[in-house]
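The next block holds one structure in the form of structure tokens; read it before the comments.
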Amino acid sequence: MHKKSFDYKKCDSGIFGKVKRPLISIDVKSHDGEWIHLRDVLVDTGADISILPRDIGEILVEDITKGKTIELRGGMV
């Protein structure tokens, strides 16, 4: 098994003040073959689903409307 480690950046949280988050930079290939550099991508190794801003999705996928639509909600406990 290959282990990865991440640097943590201090970020502002609207709820908790300053927090440390595992943020990385990655290079991804767009649907038209262009390489795009993304900075400060949150690492969530336990996530069942990952979400990106719509403008990034439109770069990566030729037609985002062809995907399955699901409802995502969050809330406070």
>> Is there a path of hydrophobic side-chain contacts, each under 4.5 Å between heavy atoms, that joins Val61 and Leu38?
In response: yes

Please table the atom pairs, donor to acceptor, closer than 3.5 Å between any side-chain atom in residues 17-29 and protein atoms at least two apart or in another chain.
unit_1 : atom_1 : unit_2 : atom_2 : d
Lys18  : NZ     : Asp12  : OD1    : 3.1
Asp27  : OD1    : His37  : ND1    : 2.7

> Are Leu52 and Ile59 connected in the hydrophobic side-chain network, where two residues link if heavy atoms are under 4.5 Å apart?
Replying inline: yes

> In terms of hydrophobic clusters joined by side-chain contacts under 4.5 Å, are Val43 and Ile36 together?
Replying inline: yes

>> Could you measure the distance from the CD1 atom of Ile56 to the CD1 atom of Ile64? Nearest 0.5 Å is fine.
In response: 11.5 Å

> Looking at OG1 of Thr69 and NZ of Lys66, how far apart are the two atoms once the value is rounded to the nearest 0.5 Å?
Replying inline: 14.0 Å

>> Considering only residues two or more places apart or on different chains, which pairs with a residue in residues 39-60 satisfy salt bridge (charged side-chain N to carboxylate O under 4.0 Å, His left out)?
In response: Lys9-Asp40, Arg54-Glu58

